Number of protein chains: 2
Amino acid sequence: MKEIYIETAKEGLQRQGYKLTGPRLAIIRYLAGEKGHPDIRQIFTRIRSEHPGIGIATVYRTVDLLLELGFLRAITIKKNQLRYEVNWPGDHHHHLVCKGCGRVIEFGSCNFQLISKEIEKVTRFRIEEHILEAYGLCHDCLPGKQHYSTEKM
Amino acid sequence: MKEIYIETAKEGLQRQGYKLTGPRLAIIRYLAGEKGHPDIRQIFTRIRSEHPGIGIATVYRTVDLLLELGFLRAITIKKNQLRYEVNWPGDHHHHLVCKGCGRVIEFGSCNFQLISKEIEKVTRFRIEEHILEAYGLCHDCLPGKQHYSTEKM
DNA sequence: GATGCAGTTGATAAAGATTATCATTTATTA
DNA sequence: TAATAAATGATAATCTTTATCAACTGCATC
Ligand SMILES: [Zn+2]
Ligand SMILES: [Zn+2]
Ligand SMILES: [Zn+2]
Ligand SMILES: [Zn+2]
């Protein structure tokens, strides 16, 4: 799976005329093995540990490129902080974020395609992608409904 | 509608112990009459035209406060740029953004609630809100499928 | 394998966005 | 009206993202 992704990304870059450079390969390999949802800063520091010379600008550039080519997805865990994850083929899922502790859970039960055709017809748009994020409280953060006692104490 | 929103927001602020200040009222009134999806900068410049002394920090603070209290919603039109809109009671809608021209259309046919209960059961989260944004091409941007000819010319 | 070149990189400057600080002002209550 | 805590505006400080450009490199050609 991971190897297939790496190969597919490499082929994709080359087919579109982009060079297979060391920094790009390092970023692709790292992302292919990352299970979480790192932000730019995390990607940068992780890559730099085994590829010390890399610059932050290259990370921005490569992440943008991988987004454009569809090898990455961007998600919004919290305001003003984009996070990234591999866009595994056939793995369509979304995220549930706990507003208490920040925990992120993925869920695959998306029913957007049930209404997208109708929306396309009405709006005459061609819908290519969508993002869906749900926010709430996880089981650990639920019980203490301290909102009343601590909010304006 | 607009007046009701303004009154509700004023009451909401006071009930939670926040002062009804000039800057806050100016921002609330402006937002109540805004039909689009302004960002912080737009809110700031609009408010300043009739409330010249206001500082950008106050706009940030007030917008954050209104978000927390549920009087505003944040949406993501494009990467790294939050935009805001009034959270009208009973008006649940989402956005369709054209990747070509940036045009934004709202649609109300959301079916997320059909799966949210199941997700809550499985994950033991309590879901409080969700964001859904669709991206694609509007009718005007569709015809010229110049992607092939211009992309790497 | 050497050569040429366009694409890429890293360093760093520049620009923008957001937050922190703090003296002054203001809404609210009594 | 006076007392008080909250809020504001100016601005410094911090972060984030983008622009610039000389040096470097993958890759095609020979
Ligand atoms: Zn939690
Ligand atoms: Zn989906
Ligand atoms: Zn809207
Ligand atoms: Zn919805």
Side-chain angles (χ1 to χ4, degrees), chain A residues 6-7 9-30 38-69 72 74 76-84 151-153, chain B residues 9-30 38-69 71-72 74-84 151-153:
Chain A
I6 295 174
E7 286 311 310
K10 285 164 68 174
E11 285 169 25
L13 284 179
Q14 280 198 311
R15 185 172 39 245
Q16 320 237 13
Y18 296 103
K19 289 183 183 175
L20 280 188
T21 65
R24 284 177 178 160
L25 290 177
I27 292 172
I28 290 170
R29 290 206 190 93
Y30 157 66
D39 62 9
I40 285 280
R41 180 64 41 178
Q42 289 171 302
I43 296 173
F44 176 55
T45 54
R46 276 299 299 277
I47 301 282
R48 196 163 47 171
S49 69
E50 30 190 311
H51 196 295
I54 201 170
I56 184 78
T58 297
V59 177
Y60 275 102
R61 289 185 285 232
T62 303
V63 165
D64 283 347
L65 179 58
L66 294 175
L67 278 176
E68 269 182 46
L69 299 186
L72 272 189
T76 301
I77 299 298
K78 52 179 277 199
K79 179 167 102 97
N80 289 322
Q81 192 197 46
L82 286 182
R83 290 164 175 264
Y84 303 92
E151 188 149 21
K152 298 295 303 174
M153 122 191 113
Chain B
K10 285 165 67 173
E11 285 169 24
L13 283 179
Q14 281 198 309
R15 184 171 43 244
Q16 319 236 16
Y18 296 103
K19 291 183 180 176
L20 279 187
T21 66
R24 282 175 179 164
L25 291 177
I27 292 171
I28 290 170
R29 290 206 190 94
Y30 156 66
D39 62 9
I40 285 281
R41 179 68 37 181
Q42 289 171 303
I43 297 174
F44 176 55
T45 55
R46 276 299 299 275
I47 301 283
R48 196 163 49 171
S49 68
E50 31 190 310
H51 197 294
I54 202 171
I56 184 78
T58 297
V59 178
Y60 275 103
R61 288 185 286 235
T62 303
V63 165
D64 283 347
L65 180 58
L66 294 174
L67 278 176
E68 269 183 46
L69 299 185
F71 293 112
L72 271 189
I75 66 179
T76 301
I77 299 298
K78 52 179 275 198
K79 180 168 102 100
N80 290 322
Q81 192 196 47
L82 285 181
R83 289 165 175 265
Y84 303 92
E151 189 147 19
K152 297 296 305 171
M153 127 191 104

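Chain A is the first sequence line, chain B the second, and so forth, proteins listed ahead of strands; every chain is numbered from 1. All values derive from a computational prediction rather than experimental measurement.
When each of C/dT9, D/dC27, C/dT21 is scored by its nearest atom to the side-chain atoms of B/Arg61, the top-ranked nucleotide is C/dT21. Side chain of A/Thr58, nearest nucleotide from C/dG10, C/dG7, C/dA27: C/dG10. Between C/dG10, C/dA6, D/dG9, one nucleotide has an atom nearer to the side chain of A/Lys19 than all others, and that is C/dA6. Out of D/dG9, C/dT9, D/dA7, the shortest distance to the side chain of A/Arg24 is found at C/dT9.
Of the residues listed (B/Leu65, B/Asp64, B/Val63), the one engaging B/Leu72 in a side chain to side chain contact (heavy atoms under 4.5 Å, CB included) is B/Val63, and it is the only one.
Each of A/Leu65 and B/Leu20 was assigned the nucleotide of DNA chain C with the nearest heavy atom; the assignment lying further toward the 5' end belongs to A/Leu65. Two residues, A/Thr21 and B/Thr21, neighbour DNA chain D, and the one matched to the more 5' nucleotide by heavy-atom proximity is B/Thr21.
What separates CG of B/Leu25 from P of D/dT8 is a distance of 10 Å, to the nearest Å. Summarising the geometry, the separation between OH on B/Tyr18 and C1' on C/dT26 is reported as 18 Å, rounded to the nearest angstrom. A/Gln16 places its CD atom 20 Å from the P atom of D/dG26, with the value rounded to the nearest Å. Atoms NZ (B/Lys78) and C1' (D/dT18) sit 12 Å apart, rounded to a whole Å.
Listed by first and then second residue, the side chain to side chain donor-acceptor pair (under 3.5 Å) pairs that reach into residues 38-53 of chain B are B/Asp39-B/Gln81, sequence neighbours excluded.
For the atom pair B/Leu66 CG and B/Phe71 CZ, the distance stands at 7.5 Å (nearest 0.5 Å). Note: A/Lys10 NZ to A/Arg29 CZ = 6.0 Å, rounded to the nearest 0.5 Å.
In terms of heavy atoms, A/Gly55 sits closest to A/Phe44 at C-CE1, 3.7 Å.
The residue A/Gln14 sits close only to the backbone: its heavy atoms come under 4.0 Å of sugar-phosphate atoms, none of a base. Heavy atoms of A/Gly22 sit nowhere under 4.0 angstrom from any nucleic acid atom.
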Do any N or O atoms of the protein come closer than 3.5 Å to N or O atoms of nucleotides 15-19 of chain C, and which pairs are they?
unit_1 : atom_1 : unit_2  : atom_2 : d
C/dT18 : OP1    : A/Asn80 : OD1    : 3.3
C/dT18 : OP2    : B/Tyr60 : OH     : 2.4
C/dT18 : O5'    : B/Tyr60 : OH     : 3.4

Working note: A/Ile27 + A/Ile54, criterion side-chain contact (heavy atoms from CB on, under 4.5 Å); need CA distance, chi angles, decisive distance, verdict. CA-CA 10 Å; A/Ile27 292 172; A/Ile54 201 170; 4.2 Å; yes
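Looking at A/Ile40 and A/Leu82, their side chains never come closer than 4.5 Å, going by heavy atoms from C-beta outward.
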